[in-house]
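Heads up: the structure comes next, in structure tokens.
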Amino acid sequence: MYNLLKGKRGIIFGALDSKSIAWKVAERAHEEGAKFVLTNAPVALRLGTISELAEKTGSQVIPADATSIMDLEHLVDETVKILGGKIDFVLHSIGMSVNVRRGNPYTHQDYNFTKTGWDVSALSFHRMMSVLYNKDVMNEWGSIVGLTYMAAQRVFPDYNDMADNKAYLESVARSFGYFFGRDRNVRVNTISQSPTPTTAGSGVKGFDGFMAYAEKMSPLGNATALECADYTITLFSDLTKKVTLQNLFHDGGFSNMGVSTAVMEAFMKGIDSSEEVTEDPEKKSKK
Ligand SMILES: NC(=O)c1ccc[n+]([C@@H]2O[C@H](COP(=O)([O-])OP(=O)(O)OC[C@H]3O[C@@H](n4cnc5c(N)ncnc54)[C@H](O)[C@@H]3O)[C@@H](O)[C@H]2O)c1
């Protein structure tokens, strides 16, 4: 390893189990010499396996519901005490849609669920940054990263209200990133990651097809959780000091593709083997 985070202190939100992107980031940050606190919602701490990660990385776990200012203030105060100084990096790796969980399609949302999903997945990024900013606990040249998905820019019907939450999250990165940059020399970015088989990812309807399609479309193939962690480490390191207010695609090239030969071949095979050109099944059922 390269000691890229030697002497740095951080907070990592969102490690639920060993599949979580945040889990891989914690393992890599540990390998690169960082000290950090792990945090997750109290219920996730009961259901997940975060204590294994804490033991492996010599970290403490502090529960915090990302929708509670009080929890976040407590988390930040405790982190500064435990790690013995200001914070250099923070990962926001949090996402949850109640509409997706309950199978409500985008056109038939329960707006109370919509509000909860937005609060957890998007507003929490603002809330977390406002606590860090108002307590003035970020070190100069620190780095804050949030995780997002390309449904913020393009239509993926089953990503549902999470698409809107991600658009909000990316906007908050730019808006808060301005103040953090101007006043503290701290950078704020989002990483737009490939579909990844985690608890949150697999909850999206048709996830396997979605992943297989992205794999065929991307010239470099889908980025794994570990590869996402590697990229995140570069953003926490001093090698990326002037990168801020960006939404950075980490997706094997998917976001700039129109079509690939692999997808065209699969599509043409489908046409050859069917009697008629396959129509959108939802449209067909209306006839
Ligand atoms: N998996 C994918 O395909 C994919 C692709 C692009 C972006 N992302 C994003 O990556 C991030 C991490 O997700 P993941 O795929 O590792 O799945 P994951 O299920 O392992 O992580 C999601 C985390 O959010 C936490 N969380 C939920 N409600 C919370 C709350 N109220 N307070 C604090 N934490 C809460 C969960 O406990 C969990 O640890 C999310 O923002 C997700 O949208 C995932």
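Note that ligands are numbered from 1 as they come in the structure, with each ligand's atoms numbered from 1 the same way.
- Identified under the side chain to side chain donor-acceptor pair (under 3.5 Å) test for residues 226-236, with sequence neighbours left out: R28-D230, T224-E227.
- Under a 3.5 Å cut-off, the side chain of T39 and the backbone N or O of F13 do not form any donor-acceptor pair.
- Across D164, N99, D161, a single residue satisfies side-chain hydrogen bond (donor to acceptor under 3.5 Å, both in side chains) together with Y106, and that is D164.
- Applying the side chain to side chain donor-acceptor pair (under 3.5 Å) test to every pair with at least one member in residues 150-159, sequence neighbours left out, gives these pairs: Q153-E170.
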For ligand 1, what N or O to protein N or O distances fall under 3.5 Å?
residue	atom	partner	partner atom	Å
ligand 1	1 (N)	T196	O	2.9
ligand 1	1 (N)	T198	OG1	3.1
ligand 1	3 (O)	T196	N	2.7
ligand 1	3 (O)	T196	O	3.3
ligand 1	15 (O)	T198	OG1	2.5
ligand 1	16 (O)	I21	N	2.9
ligand 1	17 (O)	T198	OG1	3.2
ligand 1	19 (O)	A200	N	3.0
ligand 1	20 (O)	S20	OG	2.6
ligand 1	31 (N)	D65	OD1	3.0
ligand 1	32 (N)	A66	N	2.9
ligand 1	34 (N)	N40	OD1	3.4
ligand 1	37 (O)	N40	OD1	2.7
ligand 1	37 (O)	N40	ND2	3.4
ligand 1	39 (O)	G14	O	2.8
ligand 1	39 (O)	N40	ND2	2.8
ligand 1	41 (O)	I94	O	3.0
ligand 1	41 (O)	K166	NZ	2.9
ligand 1	43 (O)	K166	NZ	2.8

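- Not counting sequence neighbours, the partners of F176 by the ring-ring contact (aromatic ring centres under 6.0 Å, His included) test are H126, Y133, F180.
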Can you list the steps and then say if K135 with E73 is a salt bridge (Lys or Arg N to Asp or Glu O under 4.0 Å)?
-> CA-CA 8 Å; K135 285 188 175 283; E73 286 181 339; 5.0 Å; no
